[in-house]
Amino acid sequence: MTRSHGGSIVILTGAGISKESGLDTFRDTDGIWAKVRIEDVATPEAFARNPSRVHEFYNTRRRRLLAEDIGPNAAHRALTELEAQWPESVLLVTQNIDDLHERAGHRQLIHMHGELLKARCAFCGCIRAWRADLSVALSCDACGRSGGLRPHVVWFGEMPLEMDAIFSALAACKLFLSIGTSGHVYPAAGFVGAAASHGARTVELNLEPSAGTSLFDESIQGPASVIVPAFVQRLLAG
């Protein structure tokens, strides 16, 4: 597939693309889930049982995301360049809850697992931008109730966001790229099959082969900040 042939593109990104910006991944041997139990911090039940513990976990991650040394890397910037120069739609679907794609300038973006820099009220559903710590003492500006503000992130056991729009885009795209994702977490791990079943070319760009590498037409291994810019230039050169 070359630029001259056009066709829409869907890109899936995971924690691997943000790792080179200094953010922890989840499933590496030294990742977040090797240090903290999912059941303690990333489920609705955990929030009901011990909301302060959940807030502590996400407050720490939010502070890290906002640290001065954190910013988009060459892979994020390359995808923004692809969006700007490709003649048709480039939809970026990210499993990441950071805002590094936005900081790089990407515009057509779906955060299927939510956004760390937003808060949602569990009582009224109001969503607002949020860059400070969250706590059980805070009240919702919309409904006035306290104790219900939570990170606007999708926890285990909850449905990822905008799935209808994602699957519609997968059915229509000509190229599907998966970047920096383990291939273990569904429904994202099923996107390659959905795209391929409608005739899309599928390419994986990852530090090492993912759990679903055999499902892709092409697999490229290496650091995202190296292989993603190179692949984008290859596409744009036609």
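Computed from a prediction, not measured in an experiment: that's the story for all the values here.
In this structure, the side chain of R201 does not engage the main chain of D217 through any donor-acceptor pair within 3.5 Å. E204 places no side-chain N or O within 3.5 Å of a backbone atom of I220 that could act as its donor or acceptor partner.
Here F176 pairs with nothing under the ring pair (Phe, Tyr, Trp, His ring centres under 6.0 Å) rule; sequence neighbours left out. Residues passing the side-chain contact (heavy atoms from CB on, under 4.5 Å) test with S52, sequence neighbours excluded: N50, V136. Remark: H111 pairs with no residue by the ring pair (Phe, Tyr, Trp, His ring centres under 6.0 Å) rule, at least two apart or across chains.
Using a 4.5 Å cut-off on side-chain heavy atoms (C-beta onward), S21 and H76 make contact.
Taking 4.0 Å as the cut-off between side-chain N and carboxylate O, D141 and R128 count as a salt-bridged pair. Between E20 and R77, no side-chain nitrogen of the basic residue sits less than 4.0 Å from a carboxylate oxygen of the acidic one, so the salt-bridge criterion is not met. Note on R64 versus D69: salt bridge recorded, some NZ/NE/NH1/NH2 to OD/OE distance being below 4.0 Å.
Side-chain atoms of T94 and T13 include a donor-acceptor pair closer than 3.5 Å.
Shown here for H55 and R150, the closest heavy-atom pair between the two residues is CE1-CA, 4.1 Å. When all heavy atoms are compared, the tightest approach of S219 to T213 is OG-CG2, 3.6 Å.
R131 CZ: 12 or fewer foreign heavy atoms inside a 6.0 Å radius. Atom CZ of R107 sits in a sparse spot, with 12 or fewer heavy atoms from other residues, nucleotides or ligands closer than 6.0 Å. Within 6.0 Å of CZ in R49 there are more than 12 heavy atoms belonging to other residues, nucleotides or ligands.
Between F191 and F167, the ring-plane angle classifies as perpendicular under the 30° and 60° cut-offs.
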